[in-house]
Amino acid sequence: MTERVLRFDEALSEVLSQAHSVEGVRCVETVELVAGAGRVLGTAVVADRDQPAFDRSTRDGFAVRAGDVVRALRVVGSLRAGESWLGAELAEGEAIEIMTGAPLPVGADAVVMVEHAEVEGGLLRVEAGRSLRVGENVVPRGAEARAGSVVLPAGRVLGAAEIAVAASCGLGSVEVFARPRVAIIATGDELVELDEPMEAWQIRNSNSYALAAMVSAEGGIGERLAIARDTLGELRAQVAEGREADLLLLSGGVSMGKYDLVEQVLREFRAEFFFTGALIQPGKPVVFGRIPSQKGWTYFFGLPGNPVSTQVCFHLFVAPMLRALCGRTEMAPWFVEARLTEAVKGGARVTRFLPAELAGGWDGVAVSVVGWQGSGDVAANARGNCYVVLPAGVEAFAEGETVRVLLR
Ligand code: AMP
Ligand code: MG
């Protein structure tokens, strides 16, 4: 069996390069606009008219000719947002009172802020010494977007900002990519389902649930298959079923133990492996590849069974691939930098990911490593909200040093 154990950065680029190669033949479905929140836009949104559709005043004030403000101007009318000026073209020496959001009357080329002006007896005077640029306090027609131009490309996740754009283009519904189906197989003789009686030495299958939740948070549909015992027969049956999903996730059974049979079974299915391990901790035995299926190929990840390993590997490697399968154009995991609240020892030959708590405030972002009992410690993992990255070979980090943090 040929092993391919990669450094962390190599493993990540391998995943990203596969993710970028995922083709855009995806089903699109139409959903009501707000129901589209969190979904991936399947068809670009195009401006249905110029935005703004008219020269828009950005202030309450007076529409004028900019060069005119050196003298007193005659106020000849008033214009509210939602109205358009029906009077004559603004002439030299004239001003029209105007509200934020109203269209600039023909003849005017700027707006004086009401705070900078005074009106007395129908005459407007601008504060002494204050000049006005042509275009000041006006957003010209089409400056935000031209009619027919793309305001949201396909592949963007719809959040509130994107939904506002779609609404501004008059869309009450949007076309989004269908969610990919992700088969989840937990393997292990020690595992017990949540509703089953158990002995002290057995372990509840928490990974299938964590994986289903992470899949759903990334826009996929997690399908939990039955637990596969560590036998070739059960693994073969579950892999045969799971490979017909859009992505196959296995937990457990990828280490060097006598009953770690996942890789062997995947090979029987003529799997192609991109890596069979990564120099990370937790998560070193992680495997990534693809397996022939009815639709051609299905990507799979074999995730080490320890719950923190499973989750770290998901955030690092599975999430980018899943985002690609969702049709997202942006897929790489997010790393930010933060100050350590206390010293941390590194020095390992692998890149380590330590459960940690990130807290952000006006004074900056600080991160504290959570005390834990190793990669089986689901409770410690849940006390954190991120992972501090300790790069391979770095001896130690001092209190106050800036470190990389993997967001989850
Ligand atoms: P493995 O990767 O199969 O060697 O599993 C390593 C350890 O992870 C096991 O001994 C269990 O303690 C734990 N484990 C494996 N699968 C699961 C699971 N589905 N849910 C929770 N813990 C698991
Ligand atoms: Mg196992």
Side-chain angles (χ1 to χ4, degrees), residues 16 19-20 22 24 26-60 81-82 99-103 111 135 137-180 213-221 314-315 318-338 358-365 385-386 404-408:
L16 290 176
H20 281 288
V22 167
R26 274 178 216 92
C27 296
V28 164
E29 56 198 42
T30 303
V31 294
E32 184 274 323
L33 183 55
V34 177
R39 302 290 299 270
V40 180
L41 193 62
T43 311
V45 173
V46 167
D48 65 327
R49 54 181 200 161
D50 284 344
Q51 292 186 0
F54 50 86
D55 297 338
R56 183 179 66 208
S57 174
T58 63
R59 301 289 184 187
D60 295 321
M99 307 303 150
T100 300
V111 171
N137 300 323
V138 176
V139 178
R141 173 175 180 163
E144 293 162 358
R146 281 284 172 204
S149 69
V150 171
V151 281
L152 284 179
R156 282 288 290 271
V157 177
L158 293 170
E162 290 74 16
I163 285 175
V165 173
S168 76
C169 295
L171 298 181
S173 60
V174 273
E175 294 194 321
V176 293
F177 287 126
R179 292 187 169 108
M214 291 186 290
V215 163
S216 155
E218 288 296 346
I221 300 171
F314 184 94
H315 296 301
V318 181
M321 179 50 81
L322 184 50
R323 290 173 196 141
L325 294 168
C326 287
R328 276 175 69 170
T329 42
E330 190 224 318
M331 37 197 129
W334 270 60
F335 295 97
V336 297
E337 290 190 330
L358 189 71
W362 186 247
D363 295 331
V365 186
N385 58 7
C386 66
R404 275 214 184 94
V405 173
L406 167 67
L407 298 183
R408 72 183 195 204

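Residues that satisfy the salt bridge (charged side-chain N to carboxylate O under 4.0 Å, His left out) test with R59, not counting sequence neighbours, are absent from this structure. With sequence neighbours left out, E29 forms a side chain to side chain contact (heavy atoms under 4.5 Å, CB included) with R39, V176, A178.
Considering only heavy atoms from C-beta on, I221 stays 4.5 Å or farther from V215 through its side chain.
Of all the heavy atoms in C169 and V151, the pair that sits closest is SG-CG2, 3.8 Å. The two residues A44 and V150 have their closest heavy-atom pair at CB-CG1, 4.0 Å. Between A81 and T100, the closest heavy-atom pair is CB-O, 3.4 Å. For the pair P320 and F314, the tightest heavy-atom approach, listed with the atom from each and the gap, is CD-O, 4.4 Å. Nearest heavy atom pair, residue L33 against residue A167, reads CD2-CB, 3.9 Å. Scanning both residues, A47 and A145, for their nearest heavy atoms gives CB-CB, 4.3 Å.
From L41, atom CG reaches atom CD1 of I163 across 10.0 Å, with rounding to the nearest 0.5 Å. Of the inter-residue distances, the one linking T329 atom OG1 with H20 atom NE2 reads 9.5 Å to the nearest 0.5 angstrom. A distance of 4.5 Å separates OG1 in T30 from CD in E175, rounded to the nearest 0.5 Å. Here CG of L406 is found 12.5 Å from CH2 of W334. Values are rounded to the nearest 0.5 Å. Between S149 atom OG and D50 atom CG the span is 8.5 Å, to the nearest 0.5 Å.
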Worked verdict on F177 versus V28 for side chain to side chain contact (heavy atoms under 4.5 Å, CB included):
CA-CA 4 Å; F177 287 126; V28 164; 3.9 Å; yes
Take L407 and L358 through the side chain to side chain contact (heavy atoms under 4.5 Å, CB included) test and state the conclusion after the steps.
CA-CA 9 Å; L407 298 183; L358 189 71; 3.7 Å; yes
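A salt bridge is defined here as a Lys NZ or Arg NE, NH1 or NH2 lying under 4.0 Å from an Asp or Glu carboxylate O, and R323 with E218 meets this definition. Salt bridge annotation for R141-D55: absent, with no cationic side-chain nitrogen under 4.0 angstrom from a carboxylate oxygen.
Checking side-chain atoms of R26 against main-chain N and O of L325 turns up a donor-acceptor pair under 3.5 Å.
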